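The next block holds one structure in the form of C-alpha cells; read it before the comments.
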Amino acid sequence: MGIKDILIERIAAAMQAAGIPSDCSPMLALSGKSQFGDYQANGAMGAAKQMKTNPRELAQKILDKLDLDDIAEKVEIAGPGFINISLNKHFLAGQLTAKSEQITAKPQTVVIDYSSPNLAKEMHVGHLRSTIIGDALARLLEYQGHSVIRQNHMGDWGTQFGMLIAELELHLGEGDQANLALNDLEVFYQQSKKHFDADPEFADKARAYVVKLQSGDAHCRKLWQKFIDVSVAHNLEIYKQLNVGLRKEHIAAESSYNDDLGNVLSSLLEQGIAVDSEGAKVVFLNELADKNGEPSPMIVQKSGGGFLYASSDLACLRHRVGTLQADRILYFIDARQSLHMKQVFITGRKASFVPPTVSLEHHPFGTMMGADGRPFKTRSGGTVKLADLLVEAVERAEKLVREKNPDLDDSEIKLIARKVGIGAIKYADLSKTRTNDYIFDWNAMLSFEGNTSPYLQYAYTRIRSIFRKAGIEAEGFSAPVSIEQAQEKALALKLLQFNEVLDQVAADCYPHILCTYLYELASAFMSFYEQCPVLKDGVDSATQQSRLQLCALSATTLAQGLNLLGIEVMEKM
RNA sequence: CCGCCCAUAGCUCAAUUGGAUAGAGCAUCCGCCUUCUAAGCGGAAGGUUCCAGGUUCGAGCCCUGGUGGGCGGACCA
C-alpha cells in the first residue's frame, strides 16, 4: 500500500471515530507549499459544512482520533481547517526499501482504440496524438496488470478506395510494378484524385469499383489487397520508428466488420431504434436533442443502401463487447469526433450491444498547431507527413548531440540522436493536457531545458554515470536509506508517489500528469545531485550507500516512467 | 439557427477536478564549474486567470449573461 492509501485509511477511520458520516472523504492532497507539510487533508471543511459545525473544531476532533506517530513527524491544523501532515524521515526511508510492484487489485480486459489511420493516404501529423497517447495508456495499463487489447481501427473501406483501385489498375495495365507505383502513397493519391476529377469515365469506374469491392468482386478485391498491403507496411514502419507497440496483429480494419453491418441494421430496425427517413435508415436520439427539442440524427444506412462509419462503429462495438469481452473500451480519437462518439455510445447502449457494466470512454484530444497558432502545415501549406517529421527530429537531435558531446563515436551519436529526437516529439505531445490544442515547437522540445524529454534522459544518464564511475551494478542494488538532507527527503517522497500517479493516469487517461511527475522527479534528483555528493571525498560509507540507493531508485523510476510513455533512455548523451 | 470545446506571466504550458499567498520552463537580470556530465543548480523580477454578475467558510475551476476564437451538426470519415 502506498503512502496516500495509508493516510486515507487512517484519516477516514479517525473521521468516522469523530462521528463524521462515512460518505465524507478525507480529501487528501499533496501540499502546495512546503510550509504546509507533505500532504494535506481537506475533508474537515466539507464535513463541517454538511454537519453545520465549526470546521476548525471538527478538524481538532479528527486529530484527537488520529494516530500517525509512526508516519508523521508533525500534524497540525491550519487556516479554516486544513490538516497538514509532515512525514517522518524514518518512515519514508522504510517505505523506500519496502517498495513493491504495482499490480492492480482488479484486473480488467481493456480494449484500446488508437492510431487508426486512413490507409488511402500516408500517415501525417494528424495521426500522431492518437498513436502515442493511446500507446502510452496501453503500456501503462498493461504494466498495472490489466489485459490490454490494442485495436488499430484502420480506414480501409471508404469511398476513396474505388478511386485508388481504378488508379492502380491503370498503372498495372501500363506494365508498372505495384510496389513502384505505390512508392509514394501521397503522390499516388493525388494522381488518382486528378483522374477522378478530370475524367468522367474514370470517375464512373471508380464509383462502380466501390460497390464491386464491397460485394466481394475478386478482381477489385485483389487490387485492393495489393494497395492495402503497401499502405499497411508503410504504417508499420512508422510505428517501428516511433517506438509504438502496434503490430500487424492489432489491426482490426473497418472492412473486417463488413459482414456484420446487415445484422446491426436489422437489429436496430427490429428494436425500433432506427427508422426510415427520406429513404435512409436513421437513428434519432432524443438524448442529444437541442433546446428546441430536435433530436440528433445519425444515419446508419444511406438511401442507396450503402453503409457509413456509424454502422461499422456499431458493429465494431459488438465485436469488442461480444468477442473480445471488454470491461472497458477506450477511444483515443480527435475531439472533432465527439458528437459522433456520443451518438455511437448512446445507440450501442440503447440497442443492448453494450451492457451497463462495460465502460465506454471517448478520450478526445486537441489539434497540433504551428508557431502561428494555426494547424501545423508545411511552408507551402500542405499536410506534414509523419515520416518526414520523424526524420527531421532525428536530424535535429543529431546536430545537437554532436555539438554538446563531440567525444562520442559516430554509432553512439546515431543511436542517441534517434532516442532523443523521437522522445522529444513524443514527450512534447504527451506532456500537454490532452484535450487542448498545443503548439508544436522544435526549439522548445529539443532545448534540453525545462519539461522536456532530453532533460529527463539527461537526468538518467547522470545517474548511470555515477554507477559507471563507482564500478557498481545499479540493477538490483540494495542498501538501507537514511534521510538527512532536505533534498534527500524531497527525492524520497517523489519516488514513493510513482504508483499513485500511475493510478491517476490509468483512471483519467491524462498522460501529462505522468510527465509532470517525471519532470518533478528529475528536478528533485538534480537538486539532490548538486547538494548531496555520492562518490566524492569525505562522504562516509553509510551515507554513500544510502545515496547510491536513492540514485538507483531514481534511475529505475525514471526509466520505467519514460518506458510507459514509449520513450527510451541511454547510458550517455 | 443549434451543439461541443477553448481563453491563465511578454512566450510555451501547469494548477491533484471547490482549497491556503495561482505554479514551472523559456526570454530578462544576479550568483555557482581545479571536485560524480554546467545539456546542470540557486536566486530576482514578472498576474484584474477575457468581461459582468451569482452560489459559499473558500471560485482559474461550479451557475447565469456577454465578448473573442476553434470545431462539429442528415447520405465522407
Side-chain angles (χ1 to χ4, degrees), chain A residues 27-33 35-36 40 42 45-46 48-49 54-56 78-82 84 118 120 155 157-160 254 277-282 284 288-292 294 296-304 306 308-310 312-313 334-340 342 364 366-367 371 373-375 400-401 403-405 420 428 431-433 435-439 441 443-444 447-452 454-455 457-459 461-470 500-501 504 508 512-513 516 519-520 523 526-527 529-531 533-539 547 551 572-573:
Chain A
M27 299 286 288
L28 190 77
L30 292 176
S31 296
K33 293 179 185 294
Q35 52 176 310
F36 299 142
Q40 58 177 261
N42 305 331
M45 292 170 292
K49 182 188 267 185
N54 181 303
R56 257 196 99 100
F82 297 101
N84 293 336
N118 189 330
W157 213 234
T159 29
Q160 311 110 311
E254 268 184 275
S277 173
E278 297 175 32
K281 302 295 185 288
V282 185
F284 290 98
L288 299 175
D290 63 21
K291 277 199 161 174
N292 307 319
E294 291 293 324
S296 176
M298 177 175 72
I299 299 178
V300 288
Q301 189 183 38
K302 296 198 274 188
S303 52
L308 300 100
Y309 77 147
S312 53
D313 280 351
D334 194 292
R336 285 173 293 195
Q337 302 289 325
S338 291
L339 176 60
H340 168 71
K342 276 186 199 167
T367 308
R374 302 170 52 80
L400 285 168
V401 175
E403 272 173 26
K404 299 286 184 185
N405 200 343
V420 168
S431 61
K432 269 85 177 182
T433 304
T435 47
N436 293 350
D437 295 345
Y438 78 94
I439 292 183
D441 180 347
N443 293 329
S447 78
F448 303 86
E449 285 167 348
N451 189 9
T452 65
Y455 177 83
Q457 289 166 323
Y458 175 59
T461 63
R462 282 186 123 178
I463 305 172
R464 299 299 299 178
S465 176
I466 291 173
F467 282 95
R468 215 169 28 245
K469 192 136 199 159
E500 293 170 12
V501 171
Q504 198 185 342
D508 303 335
H512 80 277
I513 293 172
T516 301
Y519 175 57
E520 288 169 353
S523 300
M526 292 291 199
S527 299
Y529 182 93
E530 297 288 335
Q531 191 63 31
V534 181
L535 304 177
K536 293 179 184 176
D537 291 342
V539 181
R547 288 179 179 171
C551 286
K572 297 179 190 173
M573 64 187 285

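Everything numeric in this text was worked out from a predicted model, so none of it was measured. Note on naming: letters A, B, ... go to the chains in the order of the sequence lines (proteins, then strands), and numbering restarts at 1 for each one. The figures that follow rest on heavy atoms only: side chains count, while hydrogens, waters and symmetry mates do not.
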Contact under 4.0 Å: [X] side-chain N or O vs [N] OP1/OP2:
{"X": "A:Ser338", "N": "B:C5", "answer": "no"}
{"X": "A:Thr516", "N": "B:A14", "answer": "no"}
{"X": "A:Lys49", "N": "B:G18", "answer": "no"}
{"X": "A:His512", "N": "B:A15", "answer": "yes"}

Legend entry - Comparing A:Met27 and A:Arg468 on RNA chain B - which has the more 5′ nearest nucleotide: A:Met27
Legend entry - With sequence neighbours excluded, residues passing ring pair (Phe, Tyr, Trp, His ring centres under 6.0 Å) with A:Tyr455: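 Listed in chain order: A:Tyr519.
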Inset, instruction - Kindly write out the residues that satisfy ring pair (Phe, Tyr, Trp, His ring centres under 6.0 Å) with A:Tyr458, not counting sequence neighbours, or none if the list is empty. - result: none
Residues that [X] engages under side chain to side chain donor-acceptor pair (under 3.5 Å), provided they are two or more places apart:
{"X": "A:Glu520", "answer": "A:Lys494"}
{"X": "A:Tyr529", "answer": "none"}
{"X": "A:Arg464", "answer": "A:Glu571"}
{"X": "A:Thr367", "answer": "none"}

Legend entry - Ranges pairing with ranges for RNA chain B, where each run has three or more Watson-Crick or G-U pairs under 3.5 Å: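 Only these stems qualify: B:1-5 with B:69-73, B:10-13 with B:23-26, B:28-32 with B:40-44, B:50-54 with B:62-66.
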Inset, instruction - Output all residues satisfying salt bridge (Lys or Arg N to Asp or Glu O under 4.0 Å) with A:Glu294, sequence neighbours left out; order by chain, then residue number. - result: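 Not a single residue meets the salt bridge (Lys or Arg N to Asp or Glu O under 4.0 Å) criterion with A:Glu294.
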Legend entry - Partner residues of A:Asp334 under the salt bridge (Lys or Arg N to Asp or Glu O under 4.0 Å) criterion, sequence neighbours left out: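 So A:Asp334 forms a salt bridge (Lys or Arg N to Asp or Glu O under 4.0 Å) with A:Arg336.
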Are any protein N/O atoms closer than 3.5 Å to N/O atoms in nucleotides 65-71 of chain B? If there are, list each pair with its distance.
none

Inset, instruction - Answer with base, sugar-phosphate or nothing: what part of the nucleic acid does A:Glu278 contact at a heavy-atom distance below 4.0 Å? - result: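 Base contact.
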Inset, instruction - Kindly compute the distance separating OG (A:Ser447) from CG (A:Leu400), expressed to the nearest 0.5 Å. - result: 9.5 Å
Inset, instruction - For nucleotides 20-34 of chain B, just jot down a letter per nucleotide in 5' to 3' order: B, S or -, based on protein non-hydrogen atoms under 4.0 Å. - result: BB-SSSS--------
Inset, instruction - Under the side chain to side chain contact (heavy atoms under 4.5 Å, CB included) rule, collect the residues that match up with A:Glu530, sequence neighbours excluded. - result: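 Only A:Arg462 meet the side chain to side chain contact (heavy atoms under 4.5 Å, CB included) criterion with A:Glu530.
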